[in-house]
K.L.:
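My questions all concern the structure below.
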Amino acid sequence: MESSETVVGKVGVRASVIESLKGFSFSGVRIRKDELRNKLTMPEYLRLAMKDAIVEKDIDAGKRHYDVIAAGGHDAPPVAAPEAPVVVFINSKSGGRLGPELKDLLQDLMSEEQVFEVLKVKPHEFIQYGLGCLEKLASLGDSCAKETRERLRVVVAGGDGTVGWVLGCLGELHKEGRDPVPPTAIVPLGTGNDLSRSFGWGGSFPYNWKTAIKKTLDKAIHGPTCRLDSWNLVISMPAGAADLVAPHSLKRSEEVVLDQDLKIEGALPEKVCYQGVFYNYFSIGMDAQVAYGFHTLRNEKPYLAQGPISNKIIYSSYSCKQGWFFTPCIADPGLRGLNNILKLHVKRLNSTTWEPITIPSSVRSIVALNLHSYASGRNPWGKLKPEYLQKKGFVEAKADDGLLEVFGFKHGWHASFVMAELISAKHIAQASEIRFELRGGAWKEGFMQMDGEPWKQPMNNEFSTFVDIKRVPFQSVMIKGE
């Protein structure tokens, strides 16, 4: 029998080995906290300058910090830009109780001024004032601010909605000619995390997150970059219809002129328009109705949704409750196939001509998908064989190919078998542009969702509602986690 001293000694050795391994990246290189902090952290005067600019909403507000440095004269040593400056946007409400602790750890690994809670400092405020301050200092001859701006990378800690929000704000840099656009890495804190999965950041943050965050930041500053398509969605609905309670991803906009190449039957009334951008998917039908029920409950009773597992249990119960699995389509006009209320036109790859697409009568949900990951990592479009692609006139699906994959679900059981990869979704089309036309009939409302944000869409029996989808002309820059 081993003595207590021997046992204690072995435990101590084992613990020391484990602790030493925790400090290594997947490549076997030890990630030292102090070295990582030196790579990430901006000089204090830049951090304070950006902070003041954001707080006062004035890009000139931080100039006084630069003036102090500049007043040092030629004898003062130059301030060097960090090797890999990073800013983090974190949604501390994501990830159950993990968010606030992760925020504190991130601030310890770089600085408080480089970690932004998205509900307090909106991403567009950082883009306008924080980055604007760096660009202003660079224009005054500050080489440190110039290099920091050029090297900057962004990390988003949150779910798909938070990631899309930040990407949309970064996209404004393209429109304003403010290059380069910082590439984006992801810390997955949401429920589905499909954007995170698609770029190698995983479907959830590991339990040993206090160690894993150093590896994540190391990947964020060294990882290669790739491109991601984004899609502009415009809803044109008759004025005077019931009010649309729009999700965060949709904003009221000026009236948009519909594409005149596609003839519209009947008169067009005065319209109300909403616009938004999505990165993964847009859907119409029963799946969006289930998502709407889940989100409504979570907003009314947030204590029920404390993490990904409880969220998925609630989500599954709503799927059953709202007829996605157990209510026959013929039992209620509101549960019949989408072909009763929906017309679909698409432009195919390298085509400028609108083509009408027949919607199968059995389909109760239609999805337009951009990524290979949907509903927590599933790929309902599937890995199609070359012969099938050629027969259907499809091409291999990619995140940057300028195409959306359009498919349908018949009901909850069909969707479940598709997600288990036992059967395929109902392939409908591949499209570079899409127009959905909805008219109420027996339906007074429909349900839609965009990257996990659902809403109830009012419909009119007399006039159509149009949903137009077109690729944004510029692409987002993503950092690969693997």
K.L.:
With rounding to the nearest 0.5 angstrom, report the CD1 to CG distance, Ile357 to Leu344.
P.N.:
6.0 Å
K.L.:
Could you check Phe89 against Trp165 for side chain to side chain contact (heavy atoms under 4.5 Å, CB included), going step by step and ending with a plain yes or no?
P.N.:
CA-CA 10 Å; Phe89 292 97; Trp165 185 10; over 6 Å; no
K.L.:
Is there a donor-acceptor contact under 3.5 Å from the side chain of Gln430 to the main chain of Val395?
P.N.:
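Here the side-chain-to-backbone pair exists.
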K.L.:
A side-chain contact here means heavy atoms from C-beta on lying under 4.5 Å apart; do Leu173 and Leu131 qualify?
P.N.:
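Heavy-atom side-chain distance check passes, below 4.5 Å.
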K.L.:
Is a donor on one side and an acceptor on the other found under 3.5 Å between the side chain of Arg197 and the backbone of Ser204?
P.N.:
no
K.L.:
What I'd like to find out is whether the side chain of Trp231 reaches to under 4.5 Å of the side chain of Ile434, using heavy atoms alone.
P.N.:
no
K.L.:
Can you check side chain to side chain contact (heavy atoms under 4.5 Å, CB included) on Met448 and Phe282, steps first, answer last?
P.N.:
CA-CA 7 Å; Met448 303 180 183; Phe282 167 78; 3.8 Å; yes
K.L.:
Does the plane of the ring in Phe474 sit parallel, tilted or perpendicular to the ring in His174? Use 30° and 60° as the thresholds.
P.N.:
parallel
K.L.:
To the nearest 0.5 Å, what is the distance between CE (Met286) and OG (Ser365)?
P.N.:
9.5 Å
K.L.:
Taking all non-hydrogen atoms of both residues into account, name the closest pair between Pro183 and Ile479 and its distance.
P.N.:
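Smallest interatomic distance, heavy atoms only, reads CB-CG1, 3.6 Å.
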K.L.:
Can you give me the closest heavy-atom contact between Pro188 and Ser196, atom names plus distance?
P.N.:
CB-OG, 3.4 Å
K.L.:
Counting C-beta onward and ignoring hydrogens, is there a side-chain heavy-atom pair between Ser253 and Val234 closer than 4.5 Å?
P.N.:
no
K.L.:
For the pair Arg435 and Phe466, evaluate side chain to side chain contact (heavy atoms under 4.5 Å, CB included) and give the outcome as yes or no after the intermediate values.
P.N.:
CA-CA 7 Å; Arg435 172 175 291 175; Phe466 298 92; 3.8 Å; yes
K.L.:
Are Glu445 and Met459 close enough that some pair of their side-chain heavy atoms sits under 4.5 Å apart?
P.N.:
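Of all side-chain heavy-atom pairs linking Met459 with Glu445, none is under 4.5 Å.
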K.L.:
Is the backbone N or O of Ser92 less than 3.5 Å from a side-chain atom of Glu117, with the two atoms forming a donor-acceptor pair by type?
P.N.:
yes
K.L.:
Between Tyr279 and Ser230, what is the shortest heavy-atom contact and its length?
P.N.:
CE2-CB, 3.4 Å
K.L.:
side-chain contact (heavy atoms from CB on, under 4.5 Å) with Asn370: which of Asp400, Asp451, Leu404?
P.N.:
Leu404
K.L.:
Would you give the length of the straight line joining atom CG of Leu36 to atom NZ of Lys215, rounded to the nearest 0.5 angstrom?
P.N.:
13.0 Å
K.L.:
Between the side chains of Gln457 and Trp455, is a donor N or O closer than 3.5 angstrom to an acceptor N or O?
P.N.:
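On atom types as modelled, these side chains qualify, holding a pair under 3.5 Å.
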K.L.:
Mind checking the CG-NZ spacing from Leu40 to Lys214? Nearest 0.5 Å is all I need.
P.N.:
12.0 Å
K.L.:
Within this structure, what is the CD-NZ distance for the pair Glu437 and Lys343, rounded to the nearest 0.5 Å?
P.N.:
5.0 Å
K.L.:
Would you say Asp104's side chain and Glu101's backbone share a donor-acceptor pair under 3.5 angstrom?
P.N.:
no
K.L.:
Quick one, Leu106 with Val187, criterion side chain to side chain contact (heavy atoms under 4.5 Å, CB included). Give me CA distance, side-chain angles, the key distance, then yes/no.
P.N.:
CA-CA 11 Å; Leu106 287 165; Val187 177; over 6 Å; no
K.L.:
Say whether, by atom type as modelled, one donor and one acceptor occur between the side chain of Asn280 and the main chain of Ser373 under 3.5 angstrom.
P.N.:
yes
K.L.:
For residues Thr162 and Leu189, determine if any side-chain heavy atom of one lies less than 4.5 Å from a side-chain heavy atom of the other.
P.N.:
no
K.L.:
Which pair of heavy atoms, one from Ala425 and one from Phe409, lies closest together, and at what distance?
P.N.:
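Shortest heavy-atom contact: CB-CE2, 4.3 Å.
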K.L.:
Are any non-hydrogen side-chain atoms of Glu113 and Met50 less than 4.5 angstrom apart?
P.N.:
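No - every pair of side-chain heavy atoms lies 4.5 Å or more apart.
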K.L.:
Check for a donor-acceptor pair, side chain of Gln114 on one end and backbone N or O of Val86 on the other, with a separation under 3.5 Å.
P.N.:
yes
K.L.:
When you measure from the side chain of Asp160 to the backbone of Asp194, do you find a donor-acceptor pair of N or O atoms at a distance under 3.5 Å?
P.N.:
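Side chain of Asp160 to backbone of Asp194, a donor-acceptor pair under 3.5 Å: yes, one is there.
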K.L.:
Looking at side-chain heavy atoms only, is the closest gap between Leu369 and Pro380 below 4.5 Å?
P.N.:
yes
K.L.:
With a 4.5 Å cut-off on side-chain heavy atoms, are Phe116 and Val166 touching?
P.N.:
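When only atoms from C-beta onward are counted, Phe116 and Val166 do not touch, as no gap falls below 4.5 Å.
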K.L.:
Can you see which heavy atom on Gly402 is nearest to which on Asp229, and at what distance?
P.N.:
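Closest pair (atom of Gly402, atom of Asp229, distance): N-OD2, 2.7 Å.
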K.L.:
Which atom pair, heavy atoms only, marks the closest approach of Pro182 to Arg153?
P.N.:
CB-CA, 4.4 Å
K.L.:
Would you indicate whether Lys426, at its atom NZ, is surrounded by more than 12 heavy atoms from other residues, nucleotides or ligands within a distance under 6.0 Å?
P.N.:
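Check fails, neighbour count at 12 or below.
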K.L.:
Should the ring pair Phe407 and Tyr374 be called parallel, tilted or perpendicular, given that the plane angle runs from 0 to 90° and is split at 30 and 60?
P.N.:
perpendicular
K.L.:
Ignoring hydrogens and angles, state whether a donor on the side chain of Asp287 or Tyr281 is under 3.5 Å from an acceptor on the partner side chain.
P.N.:
no
K.L.:
Rounded to the nearest 0.5 Å, how far does NZ of Lys219 lie from CD1 of Ile186?
P.N.:
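One finds 12.5 Å between CD1 of Ile186 and NZ of Lys219.
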K.L.:
For Glu176, does the CD atom have more than 12 heavy-atom neighbours from other residues, nucleotides or ligands under 6.0 Å away?
P.N.:
yes
K.L.:
Any chance NZ of Lys470 has more than 12 other-residue heavy atoms, nucleotides or ligands included, within less than 6.0 Å?
P.N.:
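Open.
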